[in-house]
Q: 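Input: one structure, supplied below.
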Amino acid sequence: MGVVDSCAKYFLFITNLLIFVLSCAVLGLGIWVLVDRSSFIDLLDETNASVPIYNSAVILILIVSISSIFISFFGCCGAYKESKCMLGTYFVLILGLLVLITVGAVIGMAQGVGKLSSPSWIPCLGMILAGALL
């Protein structure tokens with residue numbers, strides 16, 4: 001194994017490890033907001049920040065963080081063990097995520113930013129996800 005291969009392996013491992021740790025932090029924050037909203041809002045009041053918090057947005061953050069943990073696990077372990085199966089799964093998941101982001105961007109541009117600012121579009125996310133994954 002050459003120097004470039006070794007650098008690529010460790011770069012993929014460290015990048016996915018960082019994403020894994022940050023996703024765990026976001027997951028913890030999302031669970032905290034979902035379970036104990038009042039203490040989180042009290043913390044925001046101390047910093048003079050006003051952020052409207054919707055349950056659907058918190059659930060969406062939880063879903064994204066769990067999927068990021070899942071994807072980065074495959075990338076981290078696949079790079080460390082040099083497993084073709086895990087790296088292949090990682091590639092397919094990242095490719096699916098790219099397709100999902102592209103579909104979301106196209107739908108977002110078609111709907112307009114004004115329509116997406118209201119939380120009423122979030123229940124349609126399940127249909128978008130199901131359509132993109134099929």
Q: In residues 92-108, what donor-acceptor pairs under 3.5 Å come from side-chain atoms, sequence neighbours left out?
A:
from	atom 1	to	atom 2	distance (Å)
Thr102	OG1	Leu98	O	2.8

Q: Who clusters with Val64? Use side-chain heavy atoms, under 4.5 angstrom, across I, L, V, M, F, W and Y, and order the result by chain and number.
A: none

Q: With rounding to the nearest 0.5 Å, note down the distance linking CD1 in Ile63 to OG in Ser68.
A: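 OG of Ser68 is found 11.5 Å from CD1 of Ile63.
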
Q: Could you tell me if the side chain of Trp32 sits less than 4.5 Å from the side chain of Asp36, heavy atoms only?
A: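 When only atoms from C-beta onward are counted, Trp32 and Asp36 do touch, with a gap below 4.5 Å.
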
Q: Could you report the tightest heavy-atom contact between Met86 and Gly78, atom names first, then the distance?
A: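 Shortest heavy-atom separation between Met86 and Gly78 comes out as CB-CA, 3.7 Å.
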
Q: What's the shortest heavy-atom distance between Leu34 and Leu62, and which atoms?
A: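 Here Leu34 and Leu62 meet closest at CD2-CD1, 3.7 Å.
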
Q: Report all side-chain donor-acceptor pairs from residues 13-28 shorter than 3.5 Å, counting only partners two or more places apart or in another chain.
A:
from	atom 1	to	atom 2	distance (Å)
Thr15	OG1	Phe11	O	2.7
Asn16	OD1	Tyr90	OH	3.3
Asn16	ND2	Leu12	O	2.9
Ser23	OG	Ile19	O	2.8

Q: Return the set of residues passing ring-ring contact (aromatic ring centres under 6.0 Å, His included) with Phe74 (not counting sequence neighbours), or none when no residue passes.
A: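 Checked Phe74 against ring-ring contact (aromatic ring centres under 6.0 Å, His included); matches are Phe70.
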
